[in-house]
Amino acid sequence: MKNKTSIIASLIAIFTLISCGSDSDSFNPYKDQTKMPIYPKSLSFRSINNDGATTYENWTFQYNNDSTIKSYTYEHSITSDTETIKENKQGSLRYYVDYTGSRCIENTVYSKYSSKRGINTLVYTDTITENVKLIGSTISAINTSGWRTTNGVIETISNNRTFTYANDYCTSSTFNDKTNEISYTYKWNGDRLVRVTVHKQSKESSNMTNDTYNYTYSRKDIAKDYDFNLLAFVYAHNPEIYSAMNLFGKVTPYKLESKEYESYGMRNGREYELESELHSFSIMEDSNTVTIMTDSPGYSEYIYIFQR
């Protein structure tokens, strides 16, 4: 009788575990996200680090009837005691299907860059075309071609970037031009993007840099689904315009809590540490704006404002 009771108790325990496991396995946080479509007309970013260097970024967006991005402008500036950098871009996107039946995007980009450090100045303009190929709903490759004009001297621009996926999550990416190869590795823990490693290696020397981004998320608080991916501009690992339209697979459905950034490099055979940062995030909403606030020991200000 005792053996029979023990067997029945064991079976009940097994069925309970199976039932709980099944409930857990079937949980889909993407379905539980609150849908709150936002297509911002503009984004402004501002940061001031403890050394007084100030960074500004301003984006504006125009959309097609299907909410895809039609065109955009971008302004970027960094001002410090030793250097001033300014960059401006204008992009115009065309969507089409090629002769193979693949979805494609052609993005024509005009940009101007200038920097001044002491008596040294650098100014150039770029005219490029990004040819983007999609497989299904994700980008498989971006091929870029065009030219750069520096003090009347014209040189060609040519690079490509490819992407790989597993279960709808982007797992790696490789960028190549004539001087560098950059490898991106995306580590996922289930549906959470927990680490991104960006390794840049010179093709002409042993010079390299290695950047690592570690992320933490709320264990239970699910992020809102804005349709437009606001975190594309916070992560900034992939081209923001395409990432904003969720063309690089699934994104983490939980609220982002922190980012830890570490970087080191090698120059002329000597290893040196570049920098490290820690950021904690919070999101505020009102009728017209979504604000992503960042608290960081290295900055007195670090804020993104998306304006409807």
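Hydrogens, waters and symmetry mates play no part in the numbers below; they use all other heavy atoms, side chains included.
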**Asked** Could you give the distance from CG (L256) to CG (L230), rounded to the nearest 0.5 Å?
**Response** 12.0 Å
**Candidate pair K224 and E285, rule salt bridge (charged side-chain N to carboxylate O under 4.0 Å, His left out), full reasoning** = CA-CA 11 Å; K224 290 182 179 177; E285 299 170 352; 2.8 Å; yes
**Message:** What's the separation between atom NZ in K86 and atom OH in Y113, rounded to the nearest 0.5 Å?
**Reply:** 12.5 Å
**Message:** Give me the atom names and distance for the closest heavy-atom approach of S111 to K89.
**Reply:** CB-CG, 3.5 Å
**Message:** So for atom CG, which belongs to L122, do other residues, nucleotides or ligands contribute more than 12 heavy atoms lying within a distance under 6.0 Å?
**Reply:** yes
**Asked** Considering residues, nucleotides and ligands other than K203, do more than 12 of their heavy atoms fall under 6.0 Å from its NZ?
**Response** yes
**Prompt:** Hey, any chance V234 and V198 share a hydrophobic cluster, counting ILVMFWY side chains that come within less than 4.5 Å of each other, even indirectly?
**Reply:** yes
**Request:** Kindly assign one of parallel, tilted or perpendicular to the pair Y215 and H237, based on the angle between their ring planes and the thresholds 30° and 60°.
**Result:** perpendicular
**Atom pair OG1/CG of T252 and N189 - distance to nearest 0.5 Å** = 10.0 Å
**Prompt:** How about I69 and M245: do any of their side-chain heavy atoms sit closer than 4.5 Å?
**Reply:** yes
**Item:** In one Ile/Leu/Val/Met/Phe/Trp/Tyr side-chain cluster, 4.5 Å: I157, Y110
**Value:** no
**Request:** Check whether the side chains of N167 and K250 place a donor and an acceptor atom closer than 3.5 Å, and report yes or no.
**Result:** no
**Request:** For the residue pair F248 and Y242, categorise the inter-ring angle as parallel (less than 30°), tilted (30 to 60°) or perpendicular (more than 60°).
**Result:** perpendicular
**Request:** Write down the atom of K112, the atom of V123, and the distance for their closest heavy-atom approach.
**Result:** CE-CG1, 4.1 Å
**Message:** Any non-hydrogen side-chain atom of F175 less than 4.5 Å from a side-chain atom of S173?
**Reply:** no
**Request:** Take T289 and R308 through the test side chain to side chain donor-acceptor pair (under 3.5 Å) and record every step on the way to the result.
**Result:** CA-CA 6 Å; T289 62; R308 290 184 174 88; 6.0 Å; no
**Message:** Do R161 and N143 pair up side chain to side chain, a donor and an acceptor below 3.5 Å, judged on atom types alone?
**Reply:** no
**Fill in**
Correct closest heavy-atom pair for A232 and S243 would be CB-OG, 3.3 Å
**Asked** Which atoms form the tightest heavy-atom contact between D81 and D51, and what is the distance?
**Response** OD2-O, 4.4 Å
**Request:** Would you please test N107 and E130 for side chain to side chain donor-acceptor pair (under 3.5 Å) and show each step?
**Result:** CA-CA 5 Å; N107 185 11; E130 295 176 348; 3.3 Å; yes
**Asked** Think K220 forms a cation-pi with Y254, using NZ or CZ under 6.0 Å from the six-ring centre and within 45 degrees of its axis?
**Response** no
**Message:** Test of understanding: with side-chain hydrogen bond (donor to acceptor under 3.5 Å, both in side chains), list the residues that count as partners of T60, not counting sequence neighbours.
**Reply:** T73
**Request:** Following the transitive rule for hydrophobic clusters with a side-chain heavy-atom cut-off under 4.5 Å over Ile, Leu, Val, Met, Phe, Trp and Tyr, establish whether I78 and Y261 coincide in one cluster.
**Result:** no
**Partners passing ring-ring contact (aromatic ring centres under 6.0 Å, His included) against Y184 (at least two apart in sequence or in another chain)** = none
**Asked** Any chance the side chains of T164 and S172 put a donor and an acceptor closer than 3.5 Å?
**Response** yes
**Request:** May I ask you to decide if the ring planes of Y299 and H279 are parallel, tilted or perpendicular, using 30° and 60° as cut-offs?
**Result:** tilted
**Fill in**
Rounded to the nearest 0.5 angstrom, the OG-CD distance for S206 and E271 is 11.5 Å
**From M208 atom CE to M266 atom CE, the distance as rounded to the nearest 0.5 Å** = 6.0 Å
**Parallel, tilted or perpendicular: rings of Y63 and Y39 (30°, 60°)** = perpendicular
**Message:** Hydrogens and angles aside, do D295 and S280 bring a side-chain donor and acceptor to less than 3.5 Å of each other?
**Reply:** no
**Derivation of the side-chain contact (heavy atoms from CB on, under 4.5 Å) call for E262 and D211** = CA-CA 6 Å; E262 293 182 345; D211 300 330; over 6 Å; no
**Request:** Apply salt bridge (charged side-chain N to carboxylate O under 4.0 Å, His left out) to E106 and list each qualifying residue two or more places apart in sequence or on a separate chain.
**Result:** R94
**Item:** Steps toward side chain to side chain donor-acceptor pair (under 3.5 Å) verdict (Y213, R195)
**Value:** CA-CA 5 Å; Y213 303 81; R195 176 176 296 177; over 6 Å; no
**Request:** Kindly determine whether T197 and N210 satisfy side-chain contact (heavy atoms from CB on, under 4.5 Å), including the steps that lead there.
**Result:** CA-CA 7 Å; T197 303; N210 195 86; 3.9 Å; yes
**Request:** Taking the side chain as every heavy atom from C-beta outward, state whether V290 and I38 have any pair of such atoms under 4.5 Å apart.
**Result:** yes
**Asked** Can you find a pair of side-chain heavy atoms, one from I142 and one from P239, that are under 4.5 Å apart?
**Response** yes
**Asked** Are the side chain of K259 and the backbone of F281 linked by a donor-acceptor contact shorter than 3.5 Å?
**Response** no
**Prompt:** Does NZ or CZ of R148 come closer than 6.0 Å to the centre of the six-membered ring of Y124, within 45° of the ring's axis?
**Reply:** yes
**Asked** Taking all atoms of both residues into account, what is the closest heavy-atom pair of S218 and R192, and its distance?
**Response** O-NH2, 3.3 Å
**Prompt:** Under a 4.5 Å cut-off applied to non-hydrogen side-chain atoms, are V196 and N214 in contact?
**Reply:** no
**Request:** Flag yes if I305 and Y226 sit in one hydrophobic cluster, no otherwise; membership is Ile, Leu, Val, Met, Phe, Trp, Tyr, and two members link when side-chain heavy atoms are under 4.5 Å apart.
**Result:** no
**Carboxylate-amine/guanidinium proximity below 4.0 Å for E301 and R46** = yes
**Prompt:** With the 4.5 Å side-chain cut-off for hydrophobic clustering, are I222 and I292 part of the same group?
**Reply:** yes
**Message:** Any heavy-atom pair between the side chains of P29 and D191 that's under 4.5 Å?
**Reply:** yes
**Request:** Carefully, step by step, assess I105 and L247 under the rule side-chain contact (heavy atoms from CB on, under 4.5 Å).
**Result:** CA-CA 11 Å; I105 304 172; L247 297 179; 3.8 Å; yes
**Request:** Report the distance from atom OG of S183 to atom NZ of K200, rounding to the nearest 0.5 Å.
**Result:** 12.5 Å
**Prompt:** Is any side-chain heavy atom of P40 less than 4.5 Å from a side-chain heavy atom of Q307?
**Reply:** no
**Asked** Looking only at heavy atoms, which two atoms of V251 and W188 are closest? And how far apart?
**Response** CA-CH2, 4.4 Å
**Prompt:** Do the ring planes of F228 and F61 sit parallel (below 30°), tilted (30 to 60°) or perpendicular (above 60°)?
**Reply:** perpendicular
**Message:** With side-chain contact (heavy atoms from CB on, under 4.5 Å) as the criterion, how do E83 and S80 come out once you've worked through the C-alpha distance, each side chain's angles and the decisive distance to 0.1 Å?
**Reply:** CA-CA 5 Å; E83 189 173 27; S80 68; 3.9 Å; yes
**Complete:** The single option from W59, Y72, Y74 that satisfies ring pair (Phe, Tyr, Trp, His ring centres under 6.0 Å) with F233 is W59
**Asked** Is there a side-chain contact between T291 and I303 (heavy atoms, below 4.5 Å)?
**Response** yes
